[in-house]
Protein chains: 2
Amino acid sequence: MKVTINDVAKLAGVSMKTVSRVINKEPSVRKKTYDLVMSAVNELNYQPNIAARNLAGTSSFAIGLVYDNPNAYYVIDMQNGVLSRCKDEGYELVIHPCSYLDDNMQDEFKTMIKRSRLAGLVLTPPLSEQQSIIDMLDELGVQYVRLLSGRESDISERNNCILVNDFAAAYEITEHLISLGHKRIAFVLGDKEHKSTSERLAGYHQALQDHHIESSDDLLYEGSYSFESGVNGAKELLKNGNPNKITAILGGNDEVAAGALFAARLMNIDIPSELSITGFEDSPFSRQTWPKLTTAHQANDVISEHAARLLFSKARGSRKQDKDIKTTFTPSIVIRESTGPAK
Amino acid sequence: MKVTINDVAKLAGVSMKTVSRVINKEPSVRKKTYDLVMSAVNELNYQPNIAARNLAGTSSFAIGLVYDNPNAYYVIDMQNGVLSRCKDEGYELVIHPCSYLDDNMQDEFKTMIKRSRLAGLVLTPPLSEQQSIIDMLDELGVQYVRLLSGRESDISERNNCILVNDFAAAYEITEHLISLGHKRIAFVLGDKEHKSTSERLAGYHQALQDHHIESSDDLLYEGSYSFESGVNGAKELLKNGNPNKITAILGGNDEVAAGALFAARLMNIDIPSELSITGFEDSPFSRQTWPKLTTAHQANDVISEHAARLLFSKARGSRKQDKDIKTTFTPSIVIRESTGPAK
DNA sequence: TAGATAATTGACAGCGTTGTCATTCTGGCA
DNA sequence: TGCCAGAATGACAACGCTGTCAATTATCTA
């Protein structure tokens with residue numbers, strides 16, 4: 001019934017260990033031997049037993065994806081990206097959602113890691129930004145790759161980070177609005193603990209400054225990355241102070257932008273003739289609102305796939321960086337119907 | 001550094017096997033011994049090694065979640081539900097997305113199962129409806145629980161199914177519309193291969209019949225469970241034949257309903273004064289459209305958690321059904337702003 | 001209280017790999 | 001041809017747990 005490495009060895013007329021070498025692509029196996037073993041593997045349709053490999057080997061054949069993000073689209077994309085890489089490498093993926101606000105989390109997390117002896121971890125924001133987590137992982141000696149919002153320049157330990165340049169994305173979006181004649185551009189910010197929030201804000205500020213438009217704090221709403229926050233932020237921004245002056249709103253992400261759109265509807269403000277709204281990320285969301293959102297495309301599945309690549313490359317202990325691995329991603333603007341000329 | 005079962009045994013002054021019994025909650029361990037072992041476990045902060053358990057034991061400490069569903073909200077909910085149960089039971093979750101249209105899928109699937117020797121599988125629709133998959137699993141002797149759309153009566157092998165009564169949900173939604181005075185109620189159906197589609201259609205028909213409203217094929221649009229399908233379906237239904245007569249549209253699910261809403265906007269049709277629209281599932285979607293959707297609430301996380309419960313209970317080989325496990329779920333209507341009196 | 005039955009515990013051999021280290025080839029060079 | 005370094009292979013002991021079955025202890029019955 002179940003085929004073991006011994007069966008393959010017997011059929012190929014070599015030792016167990018040689019089969020092991022072949023399936024692990026270890027060097028110093030003669031081509032002839034390699035082919036011999038492989039044909040036995042195929043003939044018997046041999047599948048190495050993961051549990052045994054995990055037990056016997058120094059590291060396991062599974063990596064973990066750790067996230068604390070309520071956005072379903074985001075998580076799924078991340079997951080699929082990592083998963084596709086895992087499949088290619090013959091690894092398993094262990095999913096670990098965890099709330100970084102939860103005090104027990106760190107313990108539980110530690111337990112999880114000890115139990116499953118993962119080969120490595122992919123950390124997504126905002127968890128990837130938590131120094132306490134990083135410290136713990138370093139202490140435990142666990143490999144990890146962090147997905148971070150940032151620019152190439154400002155991260156020191158580049159070799160285990162994948163960067164998303166939210167600064168550039170925000171700059172581009174803001175510039176797009178400016179080119180449409182907007183001057184009073186508001187921003188409904190995401191959670192302020194998230195690095196992406198400050199990066200996007202910085203990009204926005206830089207664009208304004210470069211175009212000699214003065215920024216003002218009453219154009220900012222400190223919200224969170226949620227639909228509701230978008231609703232509330234837009235309501236607040238549009239009612240307060242100089243309602244008529246604001247001609248464009250940057251949503252912290254697509255959900256926020258969708259919320260802003262919702263609020264505009266409530267207030268009978270037409271989009272885009274009276275107000276332009278933009279998002280970030282280009283989640284399916286942005287194509288399902290009315291009107292469709294101008295946003296910055298961020299291929300989360302591709303990004304996470306590269307994170308997994310990097311992790312495997314590190315796990316293999318290859319010193320030199322794999323050329324196929326891209327470690328910096330810059331979202332690019334997608335112009336749809338939610339933005340138009342300033343009136 | 002790493003604590004093994006032997007360390008615990010030594011500290012507790014019992015044999016390895018007794019520790020094993022304790023951590024596996026096997027019967028016939030004296031209370032005193034149990035406490036002794038447990039305190040040793042706690043003192044050493046012992047974590048059983050999953051790989052070793054998997055290798056030594058007859059079945060592994062991991063279950064799989066298999067899905068083929070493009071809906072991120074759906075998948076995430078399912079995943080979280082199963083995950084929360086896994087955590088309680090000390091199991092790992094292996095995620096396995098797979099396209100049921102793909103010919104290689106079945107092979108790949110088989111490989112995956114052989115590799116990881118999962119304790120069981122949770123199958124979500126539409127995969128759970130594929131007879132070929134079921135046959136394969138039976139042949140392989142793999143435990144599984146199916147999530148299915150259906151009524152209690154019509155499933156024979158009840159003991160490994162969790163049912164969602166889409167019939168009742170559709171009936172209730174349709175009745176709601178009828179009570180608002182609607183007579184020409186259209187339905188943008190989901191993928192016709194999905195059981196949920198036929199169940200919802202049947203519930204709709206039954207409600208119409210019970211209220212002596214005649215149904216007609218030109219009130220039906222055969223689409224799929226996507227936003228685009230909702231857009232196209234609504235366009236088609238509202239332009240064709242008797243455009244003015246249709247006063248309500250049932251969306252096959254929330255995405256479809258959101259699409260229909262989008263189409264209505266395009267056609268300058270006001271919701272709900274000119275047209276009522278409803279969804280299914282009560283995904284976050286339904287609260288983020290304008291206006292918010294009347295829909296049927298379906299707690300996918302709770303449902304999948306129960307699926308996992310059932311799976312574990314079966315894996316444990318308990319003959320009698322665990323009383324805590326609910327195997328039938330009936331979504332209940334949530335009335336929001338997308339439905340109103342027929343004009 | 002003896003004897004029998006049931007409950008509890010332990011010894012030990014795997015589970016299917018990989019790591020270590022010893023052994024056997026191979027080809028190159030004197 | 002003979003010798004040697006280095007490449008290729010193999011033998012065997014882990015890895016940390018659970019299953020099996022035997023040994024021990026507690027409990028019950030007459």
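These figures come from a predicted structure and were not determined experimentally. Here is the naming used below: chain letters follow the sequence lines, and residue numbers restart at 1 for every chain.
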Problem - Protein-nucleotide distance (B:R53, atom CZ; D:dC15, atom C1'), rounded to Å - result: 16 Å
Problem - Residue met sooner reading DNA chain D from 5', once A:S28 and B:A52 are mapped to nucleotides - result: A:S28
Handout entry: Separation of D:dC17 P from B:N6 CG (nearest whole Å)
Key = 8 Å
Problem - Side-chain donor/acceptor contact of B:R21 with base of C:dG10 under 3.5 Å - result: yes
Exercise for the section: Can you tell me the distance, in whole Å, between the NZ atom of B:K2 and the P atom of D:dA14? Expected result: 15 Å
Handout entry: N or O in side chain of B:S15 less than 4.0 angstrom from C:dG10 OP1/OP2
Key = yes
Exercise for the section: For A:L55 and C:dT18, give me the distance from atom CG to atom C1', rounded to whole Å. Expected result: 10 Å
Exercise for the section: Identify, between B:Y34 and A:V19, the residue whose nearest nucleotide on DNA chain C lies closer to the 5' end. Expected result: B:Y34
Exercise for the section: Look at the side-chain N and O atoms of A:N24 and state whether any lies under 4.0 Å from the OP1 or OP2 oxygen of C:dT18. Expected result: yes
Exercise for the section: Identify whether any heavy atom of B:F61 sits under 4.0 Å from a base atom; if not, whether one sits that close to sugar-phosphate; answer base, sugar-phosphate or nothing. Expected result: nothing
Exercise for the section: For the pair B:Y91 and B:F61, name the ring-plane relationship: parallel under 30°, tilted 30 to 60°, perpendicular over 60°. Expected result: tilted
Problem - Distance in angstrom units between B:I5 CD1 and C:dC12 P, rounded - result: 17 Å
Handout entry: First of A:R30 and A:E26 reached from the 5' end of DNA chain C, by closest nucleotide
Key = A:E26
Completion exercise
From the list A:N300, A:L147, A:I162, A:N165, side-chain contact (heavy atoms from CB on, under 4.5 Å) with A:F329 holds only for A:I162
Exercise for the section: Could you please name the option among C:dG14, D:dG10, C:dG10 that lies closest to any side-chain atom of A:T18? Expected result: D:dG10
Practice task
Report yes if the side chains of A:L65 and A:V122 come closer than 4.5 Å at any heavy-atom pair, otherwise no.
Solution key: yes
Handout entry: Nearest-angstrom distance from the residue atom CG of A:N49 to P of C:dG14
Key = 18 Å
Handout entry: Between P of D:dT9 and CG of A:D35, the distance in whole Å
Key = 12 Å
Problem - Sugar-phosphate only, base, or nothing, as touched by B:P48 at under 4.0 Å among non-hydrogen atoms - result: sugar-phosphate
Practice task
In whole angstrom, give the distance that lies between atom NZ of B:K31 and atom P of C:dT9.
Solution key: 13 Å
Exercise for the section: May I ask you to evaluate whether A:T4 reaches the phosphate of C:dC15, defined as a side-chain N or O under 4.0 Å from OP1 or OP2? Expected result: no
Anything under 3.5 Å between a donor and an acceptor, one on a side chain of residues 7-16 of chain A, the other on a protein residue two or more places apart or in another chain? List them.
{"unit_1": "A:D7", "atom_1": "OD2", "unit_2": "A:T4", "atom_2": "N", "d": "2.8"}
{"unit_1": "A:S15", "atom_1": "OG", "unit_2": "A:K17", "atom_2": "N", "d": "3.3"}
{"unit_1": "A:S15", "atom_1": "OG", "unit_2": "A:T18", "atom_2": "N", "d": "3.3"}
{"unit_1": "A:S15", "atom_1": "OG", "unit_2": "A:T18", "atom_2": "OG1", "d": "3.3"}

Problem - Presence of B:S20 side-chain N/O under 4.0 Å of D:dT18 phosphate oxygens OP1/OP2 - result: yes
Fill in the blank from the handout: Looking only at heavy atoms, the pair that brings A:V3 and A:L44 closest together is CG2-O, 3.5 Å
Problem - Side-chain donor/acceptor of A:K17 to base of C:dG19, under 3.5 Å - result: yes
